[in-house]
Asks: 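First, the structure itself, so that you have it in front of you.
This chain uses plain numbering: 1 for the first residue, then up along the sequence. Note that ligands are numbered from 1 as they come in the structure, with each ligand's atoms numbered from 1 the same way.
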Amino acid sequence: MHFSLIGLPGSGKSTIGRHLARAWKLRFVDSDHVIEERLGCSIKEFFATHGEAAFRDIESQVLAELLQSPDPMVLSTGGGAILREVNRQLLQAHSTVFYLQSQPEEIARRLRHDTTRPLMQGDDALKRLRDLLKVRGPLYQATAHYVIDAVRQNPVQVSRKICMQAELAGLLPSTGCCDAISD
Ligand code: S3P
């Protein structure tokens with residue numbers, strides 16, 4: 001069984017995924033990186049030339065391949081991975097899904113100098129994040145096995161919380177590795 005992280009762009013999925021994979025001695029995979037390797041260019045460039053629908057097709061293919069692979073991994077997904085029902089079903093069936101629930105205001109502050117995310121460009125990133133959350137919030141909630149409150153917490157704190165939740169739920173042997181998570 002894999003572990004997946006879902007949530008808005010900038011909610012810390014990749015950083016937290018790396019912490020968890022290290023603590024649990026599992027492979028870490030960032031689906032956006034796998035997609036970029038396959039595309040041979042950045043997601044931003046691909047969006048500009050081929051549009052979002054073409055990106056979503058490749059995203060679905062990559063997610064299906066990763067989630068059906070036998071080696072357990074910690075998977076960080078793109079913020080829009082939950083938009084398609086087929087992706088939501090695969091995530092739920094093949095992984096334990098953690099939703100990093102955070103606030104648009106906090107993310108907008110964190111992303112103010114980020115130029116890599118195609119959906120976050122332009123002046124009004126905060127409005128865009130709020131709009132995304134309106135549409136995606138219910139989908140994140142519906143897909144998640146666990147909703148993790150990530151508001152006003154750094155990635156180490158959120159990673160420890162997820163680690164303890166997984167141990168409590170008996171998803172991992174209780175090894176005390178959660179306390180060892182640090183920068
Ligand atoms: C997207 C989020 C991005 C990436 C793509 C689309 C989205 O990933 O998959 O730009 O629709 O929210 P991050 O959540 O890692 O930024």
Asks: For atom 9 (O) of ligand 1, what's the nearest protein heavy-atom neighbour? Residue, atom name and distance, please.
Replies: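 The closest heavy atom on the protein side is Asp32 OD1, 2.9 Å.
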Asks: Hey, do the aromatic rings of Phe55 and Phe47 have their centres closer than 6.0 Å?
Replies: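 Centroid distance Phe55-Phe47: below 6.0 Å, so yes.
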Asks: For atom 2 (C) of ligand 1, find the nearest protein heavy atom and state the residue, atom name and distance (0.1 Å precision).
Replies: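 Protein heavy atom at minimum distance: Gly79 N, 3.4 Å.
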Asks: To the nearest 0.1 Å, how far is atom 16 (O) of ligand 1 from its closest protein heavy atom, and which atom is that?
Replies: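 So the nearest neighbour among protein heavy atoms is Arg117 NE, 2.6 Å.
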Asks: For Gln89 and Glu85, test the side chains for any donor-to-acceptor distance below 3.5 angstrom and give the result as yes or no.
Replies: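 Yes.
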Asks: Go through Leu26 and Met73 one step at a time and tell me if the side-chain contact (heavy atoms from CB on, under 4.5 Å) criterion holds.
Replies: CA-CA 5 Å; Leu26 293 179; Met73 70 180 86; 5.8 Å; no
Asks: Looking only at distance, does Lys13 have an N or O less than 3.5 Å from an N or O of ligand 1?
Replies: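 Looking only at distances, the answer is yes, because the N/O contact criterion of under 3.5 Å is met.
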Asks: Nearest 0.5 Å please: distance from the CG atom of Leu126 over to the CZ atom of Arg112.
Replies: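 Leu126 atom CG to Arg112 atom CZ measures 12.5 Å (nearest 0.5 Å).
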Asks: Is Phe47 close to ligand 1, meaning an N/O of one under 3.5 Å from an N/O of the other?
Replies: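 In fact, backbone or side chain, Phe47 has no N or O that close.
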Asks: Taking only heavy atoms of Gly78 into account, list the atoms of ligand 1 that are under 4.0 Å away from them.
Replies: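 Answer, ordered by atom number: 8 (O), 9 (O), 14 (O).
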Asks: Go through the steps to decide whether Asn154 and Asp183 satisfy the test side-chain contact (heavy atoms from CB on, under 4.5 Å), and finish with yes or no.
Replies: CA-CA 10 Å; Asn154 65 39; Asp183 278 324; over 6 Å; no
Asks: Hey, is Arg56 one of the residues with a heavy atom under 4.0 angstrom from ligand 1?
Replies: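 In this structure, Arg56 qualifies as a contact of ligand 1 - some heavy atom is under 4.0 Å.
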Asks: Provide the number and element of each atom of ligand 1 under 4.0 Å from a heavy atom of Ile43.
Replies: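 By the 4.0 Å cutoff, the relevant atoms are 5 (C), 10 (O).
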Asks: Give me the nearest non-hydrogen protein atom to atom 12 (O) of ligand 1 as residue plus atom name, then the distance to 0.1 Å.
Replies: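 Looking only at protein heavy atoms, the one closest to atom 12 (O) of ligand 1 is Arg136 NH1, 2.7 Å.
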Asks: For Phe3 and Trp24, take the angle between the two ring planes, folded into 0 to 90°, and tell me which bin it lands in: parallel under 30, tilted 30 to 60, perpendicular over 60.
Replies: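 Judged by the thresholds at 30° and 60°, the geometry between Phe3 and Trp24 is tilted.
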Asks: Inspect the contact between Asp131 and Lys127 and indicate whether a charged nitrogen and a carboxylate oxygen are less than 4.0 angstrom apart.
Replies: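 Salt bridge between Lys127 and Asp131, a charged N being under 4.0 Å from a carboxylate O: yes.
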